[in-house]
Amino acid sequence: MDDLMLNQFLLLGAILFCIGVYGVIARKNTVMVLMSIELILNAVNINLLTFGAANGDVAGAVFALFVIAVAAAEVGVGLAMVLIIYRNRASVDLDDVDSMRG
Amino acid sequence: MLEQAWIIPIIPAASFFGILLFGKRLPRKGSELGVAAVGVAFVLALVTQVQWFQHVDDAENESEPTEEHAAAVVDIDSESAAPVQEEEQPAEEDGGEHASIEPVTREWTWFQFGETEAKVGTLIDGPAVMMLIVVTLVSLLVHVYSTDYVGGDRRYTHFFAFLSLFTASMLGLVMSKTTLQLMVCWELVGVCSFVLIGHWWEEKANSDAALKAFITNRVGDVGMITGVIVLFFAAGQTFDILDINTQALNGDISHLALLVASCALIAAVMSKSGQFILHTWLPDAMAGPTPVSALIHAATMVVAGIYMVSRLYGVFWEGLSIGISSVNLLALVGGVTVLGGAGLAFVQNDIKRVLAYSTVSQLGYMVMALGVGAWTAALFHLFTHAFFKACLFLGSGSVSHAVHSFDMREMGGLRRWMPHTFKTFIIATAALIGIFPFAGFWSKDEILAGASQLGGPGNYRVFMVVGILGAVMTAAYMTRCVYLTFFGEFRGHGQPHESGPRIVVPLWILAVLGVVAGLANLPSALAPDSVELRFEHYYEPVGAYFPSIMPEFAHPEFSIGIALVSTLIGLTGIAIGVAWYTGRIGLRGITERNRLADVGYTTLVNKYYFDHLYTGVIADGTKGPVARGANWVNQNVIDGVVNGAGRLATVTGRWVYAHVDQQVVDGAVNGSASAAQGGGQVFRQLTSGKVQQYGALLFGAAALFAGVFIVFV
Amino acid sequence: MSNSEFLNDWGLILMVFLPLAGALVMLLIPKDEEQTHRWVALLASLAAAGVGVALLADFDYDNTAQLQFVVNEPWIDVIRSRFVVGLDGLSVPLVALTLLITPLCIIYSWNHFPEPRNPKAFLILLLVLHTGMLGTFVAQDLILFFVFFEVVLLPMYFLIGVWGGDNRQYAAIKFFLFTLFGSALMIVSFLALFFVAGGETFVIPELAQRISTPGDFGIEAVPLATQVLIFGGMFMGFGIKVPMFPFHTWLPDAHTEAPTVGSVILAAILLKLGTYGFVRVALPILPEAAVEWAPYIGALAVIGIIYGALACLAQTDMKRLIAFSSVSHMGFTMLGIATLTDFGLNAAVMGMVAHGLITGMLFFLAGSVKERYHTLEIRRLGGILVKAPRIGWIFGFTALASLGLPGLAGFWGEFPAILSAYEPGAGLSEVTFRVYMVIAAVGTVFAAGYLLWLYQRTSFGVTKEEFEDDEIADVEVPEWIAWTPMLVLILVIGVYPNLVFRVTDDQLAGVAQMLTAAVGG
Amino acid sequence: MVAQNIFFYVIAAGMVGAAVAVVTTRNVVHAALYLIAVFAGVAAQFIILAAEFVAVTQVLIYIGAIMVLMLFGIMLTRARIGRDVDMTNDHWWIGVGTAVLLAAVMGYALIDRWGDDALPAERQVNAVGGSNTATVSDSIFSQYLIPFEIVSVLLLAALVGAIVIARKDR
Amino acid sequence: MSAVLASLAQADGGFVRPVIDWHALAPELVLTAVLCAVLVADLFLPEDRKALLPSLAGLGLLAALIPVLTLAVDGADRTMFGGAYAVDNFALVVKALFLVAGYVTVLMSTNYIAEGDYAEGEYYFLLLSSILGMTIMGSARDLVTIFVALELLSVPAYLLAGWRKRDPKGNEAGVKYYLMGVFASGVLLYGMSLLYGVAGSTQLTDIGSALAGGESVPAITLAIVFCVAGFAFKVSAVPFHTWAPDTYEGAPTPITAFLSVSSKAAGFVALLQLVIIGFAERPDVVRPLMWLLAALSMTIGNVIALRQSNVVRMLAYSGISQAGFMLAPLAVMGQIGDDMLTSIVTYLLIYAGMNLGAFTVVMAVARKTGSAEVSSFGGLFEYAPSLAILMSVFLFSLAGIPPLAGWLAKFVAFRAVIDADTGWAYGLAVVMAVNSVISLGYYANIAREMWMNPVPDGDRTPVRVPVSLNAALAITVVFTLVFGVTQWATELGDMAQFVASIGP
């Protein structure tokens, strides 16, 4: 193994992605869920840059930059939602947020 | 007028609408309209009659020179190996007899399918003319009679309206050119009978009777429809009666088709003409007003079946191979009916029901006659029977008018109060029993003769025996009927009285006809040429469309033996009554001399003679074996079957509706609906409200789809 | 001449859409001016009828097989659907029937609207229905046909659901779902047909040509299996509408619950859409498939005849009984169609007209009885003839007509149907159909049975004591006006059936020949 | 090269461990800190992939901005600082299942497609006299101009909206 | 100074200034201008003049429609950035759809927002930015652009969904929509990254050619499935539908309408671009996938809808099943040519009209009854006949009863599917047929309430409908009626073709 394989990055990304998925499903605290989402997005970024490097162009990098920017925006929105929920029900447990169903 | 015959049914039809629309406003509540219409129809019928005679005579006169036809006929005749015929039918007469008398026809297109045209029109020939007279005459008399009889009835007007409609449809039936038209009128008369039987529909019994009549007839109509359809296609898509007959006789139609058709049509005859086993509606139909019974259920409508057979005789002739067989369905049905009907007449207490069953058995005679090939005899009997049976019915009506009941147990001794009714009734009875020289004698005699002489090997002798038996029974039950009604003591209440002229006059007219009608067909043996066999001469449709061109077709010859036998038979039947009657007088003589004996004997008489003669001789002698059995069968089996069928249908209907329709069929539908709802309930679990489970579903589904497609694509 | 020019170009369109126009006008009139609404509705329907009469007068009866007054305009190009309407021998009787019935219904409901009254909505729906029905009978393009075919659903749904009886909502939705199910499959088969025929046109005659002679249009012949499947879809669509056993269960409910006028139109015209569809669409376009299906259709038809009759015998409700009698009667019509013969088809069309008049009339009567006695329980009725003799007599007359009495219209629907079953069209088993014939003939006995039994129980006898002393009005003026034409027609057609046969025959003979040709006969 | 590999695996191991810790630890703040570790690792990997600019952005935005936001969120929602008994809900096993399934599918797909592709040794996109950074900027302002402009609107919208939502109105 | 800049620019010749077709960008530019204007105006307008904001927003949308029309008249297909951004007929049609639908949404919102105490300016600002995202989505032919546009139309939507922030249901709606949205974009991004990896380019056309040929390798399948899943979430197709009912119920009704129409349409637009341009050569994956999604959405959406007692939730599920109908033609991709695109776009146009209309009536009724329960519609026909009639029109149009527009939509869908003439296609057609019947069940249920049931509380005071709602109703009902009997909808759908449509 003298030079870098594409797959080691991709698999790393995949693993992060899956861990993130586990996080968003299993975590109770909404903020934790947001963190897990970030894991997912980072996994994607790794993919993008890996492919970028492999293809030898910068589209991947650019894409990653956009993802990062968007992620920032989303986190902002998400935290706003967390706050408002917290304000209305004094809890950030997603389990409690199920007044509508069926 | 032969051309314009269509006018005749139109007139009463018009009067039907007339009466319906403004009958109520007329002074006599519309009856005058009906009477007038039928009167005119009668006159026109007479005119037609006369013109037809001329037509026939002309046909003969010009048929003399036309050799080839005559020749043809002659050589047919010569090889027709009926020895009977050879000797007693002079050749010149043959020529006359067999000169093809073309019927006068007229037709219009009714509607067409593609190239097939359904026609409607008039077919005027012997039988038609004869029926025209019978129908219009009896109808006229009944109309007159009814003005008195149903006077003051709440539906007086409607009564006459439907009498008119009936007359119209019956006339239409007799002059039908096509089987389709025949069928239409056939149904129409059925409806009229339905309406008139149910005339007093307030009592359920009456409406029941009406329904029974109509539905039983519908059963027969299945046969009618089938027969007509089979003939229609078998004869190359035509309804035309003449065509069908001709083709049937020329062998253009397969024997099978003819057989099927005639069997089907026999079913129709059974229902319409009250033959066993579809006869049960006829006695019930007596629920209707008596004039109706006289007109529809004795004189005219019920003979529609016989008339239809006589119309399509070619079909039956070939289909049942009447000419060469010695037993066939038609004759069989007739024979059974003769005996069955007669037997049942014994056990009735309702005078009209007696007459009804007697009608049944008389119709049986006619059917039997047709079955054995005695065409003329059948129609002749139809002719005479119409008069005297109508007379009997009207008589019974007159009686009931007097005693307000039809139950013979509430009558008796009426001869003192109702001389006219009595006399006419006696005459008619004599005619029915067939006493020389009354009408019935001649016609019945011809039938017996036919049964004995016609047909293939061995002839139809069986049916002659049947006929003779029937004659005995007829005599017997009529005697009983007459005795219970007119002799003995009056057992009813109130003061009986003779009916008014509008009732009596028709009675007399019919009675007279009941005497003289028989003279219409004097056998050649007994009469000069000028008057012999006039009926046969003028009314038998000779020509290509009639079996007369077939070698086997022949006329029975008057045989003195049968005549005597039948007369004796009749007399025996009466003898019983007479003997017993005179015996009663003798006894009364004694009682006048001896009080004690008087007491003893009167009781003895009133019990003994009555019981002995009535119960012992008549009942045990005849009713016992035949009638009681027949009656039991009739009430429990046949009637049971007929009514049971109805009840069965209803029950089945209920079951099907409750279990199949509402549960299976409908259930399936509603079931699927609720299934969908249930599915909805299940799938609602997907949206549990927990967003993280949504997420799990999202990621999981994505992964799952990806996996599935990776594997399977 | 310009007059007939105008008729040619605009006659049909006017006739079809005048009622709709009337409805739009009524939308603008405030709700409480009921009198105005009545008149507008009546005039609209009469105007349509007037145009219709003009058309029928101008109609060339010597070649009824020919489409006349054809209007052929592009409509929805993208899906290759054109606006094609035209009259021919098959349409004329049904159009005439429709034009007759609707005004009569409006008159009948003149001053007794069912609860909740609201004449405005009621009449508007009636007019929309009118347009839908007329359109269906003149449309010559499958899509147009389908649209009109479906347009009638909504108004009828509301008529039943809003103005109906106690169980109206169930009945209404059942009617709606059943019919929609049928039409959903039907449209699928229409499309399949469209594509197998080269995806060029929806116009019925053209499609027929394309299927019959694919060579001329450069498309490959349609395999029989495909045709049979497509026919199956149409069968569902039309069969449910007819309705054929076992798809009939919506009918009794709908009829029983619907307001009088609703039942009348349902029985008189809506049911005909199904049978008409068979004759107009299914048979000409897919003759071979028709031959394949005919025995089964015939079987279902005779089952329907007997089954409906049996169900009738079980009914305790007058209206429901009449409804089931429809199942039985339409069985005759379908039998006629199933024979694929000239006779049979003629019988079918005659059967449609006759059944329309007669059963429509029966429902009118049922409505009037319900209005007077406030019940249709057969047990509670009785002696109508005593209380209201005229109604009683008319009822009797209609019942007789309904049981197929010769000399009245009903007979000409039944007898030729039975007749035709004796010699079915080319490629059909005679034995099978002769069996059908006998069964159908037996069915006539049942018909007499249940109808007369109904009549006996309701009209004969004496009035039940519960109605002993309340006043039962006899026929009223609007009823006279509404009924007389129907009664007269029942009689006239009965006496002179050629009124209908003459119009339909050429057309149907053509169809029959097509069917014969299809099986290479 | 080998150095890079060692470098990679060390960091990767750290990242995975930290990530697992993020989704398992019972302490919110610890989770946040572990997340920072992951982000840092990601930035390091970017360096290996010769995407310096992205790496820098990663550090600036994620660690500098997003994580701070996160911590603010944690504070504002007064989540208990320190161990919290139930940070994972009862349905965690669903998570496990889903994650495993995903991992299987992804792993198979990736290995199947890029089983033994190596990254090019020279990962600089050789634009004329420029570095990746230059190329990135070029393409952002030419090829990806429109997304770039949109993102600005997006950020504005997110900002405004977040404020409106989160704001306590009087 | 400028010289320095110039020299800098010279320094590397790598940068070539992109050519920008301003006309092609005009609609978006107008929108951007308007949304900024709204934001600013909101700052300076006094409380009592806020009513101007909706008018401003509405006018802005109509203004943005003008360049769309001019472009349509001009007719030339325009592409920029090497095909990353295309203004072709498809783009124009969908842009017009988004703008008009947006306008109706504004009309719906006017009174609703003004009367509740919501932040008004920001509301319209976010609404407009979301619409901006959609219009850009119409032209995006490049993964990055698609992604960013998607986020631009989603993020404001998340916020708007949670706009009723004092109402716990409002928050719940927001957070659920937000989280699911983010999950979906995660999946989508991963898929996109794989696509980029496979194709080496973010341009759809390149991807299309890169995916062409041979068997699909797992990575490509994975990428396709993930991308489709990402947008299946947007169009709320089963099993990615779970957010829809809750969000619809909790969000402000105008936003619900907006989500159920515009954002669903945007999802379809993206999906169409991806599938028709990008995945054109991979029917072996797309067809079964779409078949599955369509069948599931139709059936499950319908049967659940049967059980709903809340009109809005019912409409949500009905929207899910309608999405199934719209997906159906994709299940025969590549077998029927352009008819597929035509049918879907037609369906979108018609669906927008009737669904917006239905929601408008729901709002109008809620103004009186204050509830969206089915029972609250009882006896509507008695006291508000016109509303009842309109609602019936929309509902039965949704059910696909001729001659209302909905039948044409369903018809073109049927037509496209059956055109394929394969066993699977006919199977799908039958599923569609059965479902169109089931759907009638719940649509007619509401009609039943309105026409056949008594007023629940006996309160027969007529409903006062503000002018803006009337306008919305007028627009939608005209569309619903006219599209049904004319060929305009289908013509538009037929017109909407890609400039770079490389599908067979």
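Here is the naming used below: chain letters follow the sequence lines, and residue numbers restart at 1 for every chain. Just so we're clear, the structure is a prediction, and the values are computed from it rather than from any experiment.
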S.K.: Under 4.5 Å from any heavy atom of chain C, what part of W451(E) do you find: side chain, backbone, both or neither?
M.R.: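 The answer is both parts of W451(E).
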S.K.: Report, as yes or no, whether the 6.0 Å neighbourhood of atom OH on Y443(E) holds more than 12 heavy atoms from other residues, nucleotides or ligands.
M.R.: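 Yes - once you tally the heavy atoms of other residues, nucleotides and ligands closer than 6.0 Å, there are more than 12.
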S.K.: Please list, chain by chain and in numerical order, all residues satisfying salt bridge (Lys or Arg N to Asp or Glu O under 4.0 Å) with E200(C), sequence neighbours excluded.
M.R.: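 For E200(C), no residue satisfies salt bridge (Lys or Arg N to Asp or Glu O under 4.0 Å) once neighbours in sequence are set aside.
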S.K.: Please confirm whether W163(C) and F122(C) have ring centers closer than 6.0 angstrom.
M.R.: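 They qualify: ring centres under 6.0 Å apart.
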S.K.: For Y426(E), which atoms come within 4.5 Å of any heavy atom of chain C: side chain, backbone, both, or neither?
M.R.: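 The side chain, not the backbone.
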S.K.: Non-hydrogen atoms of chain C under 4.5 Å away: do they reach the side chain of F414(E), the backbone, both or neither?
M.R.: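 For F414(E), backbone and side chain are both near chain C.
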S.K.: Measure I438(E) against the heavy atoms of chain C and call it side chain, backbone, both or neither at under 4.5 Å.
M.R.: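 The answer is neither part of I438(E).
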S.K.: Using the ring centroid of each side chain, check whether F176(C) and F396(E) are separated by less than 6.0 Å.
M.R.: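 Under 6.0 Å, so yes.
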S.K.: Does any heavy atom of chain C fall under 4.5 Å from the side chain of I401(E), the backbone, both, or neither of them?
M.R.: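 It is the side chain, since no backbone atom gets that close.
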S.K.: Got a salt bridge between D141(C) and R82(C), using NZ or NE/NH1/NH2 to carboxylate O under 4.0 Å?
M.R.: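 Salt bridge between D141(C) and R82(C), a charged N being under 4.0 Å from a carboxylate O: no.
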S.K.: Between V151(C), L27(C), I79(C), which has the largest tally of heavy atom pairs under 4.5 Å with chain E?
M.R.: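 Top count of heavy-atom pairs under 4.5 Å with chain E: I79(C).
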S.K.: Which bit of V412(E) comes within less than 4.5 Å of chain C, counting heavy atoms only: side chain, backbone, both or neither?
M.R.: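 V412(E) touches chain C through side-chain heavy atoms alone.
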S.K.: Please state whether the side chain, the backbone, both or neither of D421(E) comes within less than 4.5 Å of a heavy atom of chain C.
M.R.: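 Neither the backbone nor the side chain of D421(E) comes within 4.5 Å of chain C.
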S.K.: Who among E150(C), R168(C), Q169(C) has the most heavy-atom pairs with chain E under 4.5 Å?
M.R.: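 Sorted descending by pairs with chain E, the first entry is Q169(C).
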S.K.: Under 4.5 Å heavy-atom distance to chain C, tell me which part of T486(E) shows up: side chain, backbone, both or neither.
M.R.: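 Contact with chain C: backbone only.
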S.K.: Decide if atom CG of D459(E) counts as having more than 12 heavy atoms of other residues, nucleotides or ligands within a radius under 6.0 Å.
M.R.: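 Yes, because the 6.0 Å sphere around CG of D459(E) holds more than 12 heavy atoms from other groups.
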S.K.: Measuring heavy-atom distances to chain C, does N453(E) have an atom under 4.5 Å in its side chain, in its backbone, in both, or in neither?
M.R.: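 N453(E) touches chain C through backbone and side-chain heavy atoms alike.
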S.K.: My understanding is that only residues two or more places apart in sequence, or in another chain, count here; which of them pass side chain to side chain donor-acceptor pair (under 3.5 Å) with T201(C)?
M.R.: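 So T201(C) forms a side chain to side chain donor-acceptor pair (under 3.5 Å) with E206(C).
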S.K.: Highest number of heavy-atom pairs under 4.5 Å with chain C: which of R448(E), K410(E), R415(E)?
M.R.: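 Highest number of pairs under 4.5 Å: R415(E).
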S.K.: Run K120(C) and E34(C) through salt bridge (charged side-chain N to carboxylate O under 4.0 Å, His left out) and show every step you take.
M.R.: CA-CA 7 Å; K120(C) 179 179 180 181; E34(C) 301 187 350; over 6 Å; no
S.K.: Can you tell which of I173(C), I187(C), D77(C) has the highest number of heavy-atom pairs within less than 4.5 Å of chain E?
M.R.: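 Top option by heavy-atom pairs under 4.5 Å: D77(C).
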S.K.: Less than 4.5 Å to any heavy atom of chain E: does that hold for the side chain of L180(C), its backbone, both, or neither?
M.R.: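 The answer is both parts of L180(C).
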S.K.: Is T346(E) close to chain C through its backbone or its side chain, or both, or neither, when contacts mean heavy atoms under 4.5 Å?
M.R.: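 When you check distances to chain C, no heavy atom of T346(E) falls under 4.5 Å.
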S.K.: I'd like to know which of L185(C), N118(C), V188(C), L153(C) tops the heavy-atom pair count under 4.5 Å against chain E.
M.R.: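 Sorted descending by pairs with chain E, the first entry is V188(C).
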S.K.: Within the distance-only criterion (no hydrogens, no angle test), does the side chain of H130(C) pair as donor or acceptor with the backbone N or O of L125(C) below 3.5 angstrom?
M.R.: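 No.
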S.K.: For L229(C), is it the side chain, the backbone, both, or neither that has a heavy atom closer than 4.5 Å to a heavy atom of chain E?
M.R.: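 For L229(C), there is no contact with chain E at all, as no heavy atom is under 4.5 Å.
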S.K.: Look at the side chain of T476(E) and the backbone N and O of M354(E), then say whether any donor-acceptor pair between them is shorter than 3.5 Å.
M.R.: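 Between the backbone of M354(E) and the side chain of T476(E) there is no qualifying donor-acceptor contact (under 3.5 Å).
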S.K.: If I measure from the heavy atoms of chain E, does F190(C) come under 4.5 Å with its side chain, its backbone, both, or neither?
M.R.: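 No part of F190(C) comes within 4.5 Å of chain E.
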S.K.: Mind telling me whether F145(C) and Y276(C) have parallel, tilted or perpendicular rings, with 30° and 60° as the class edges?
M.R.: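 Y276(C) and F145(C): parallel rings.
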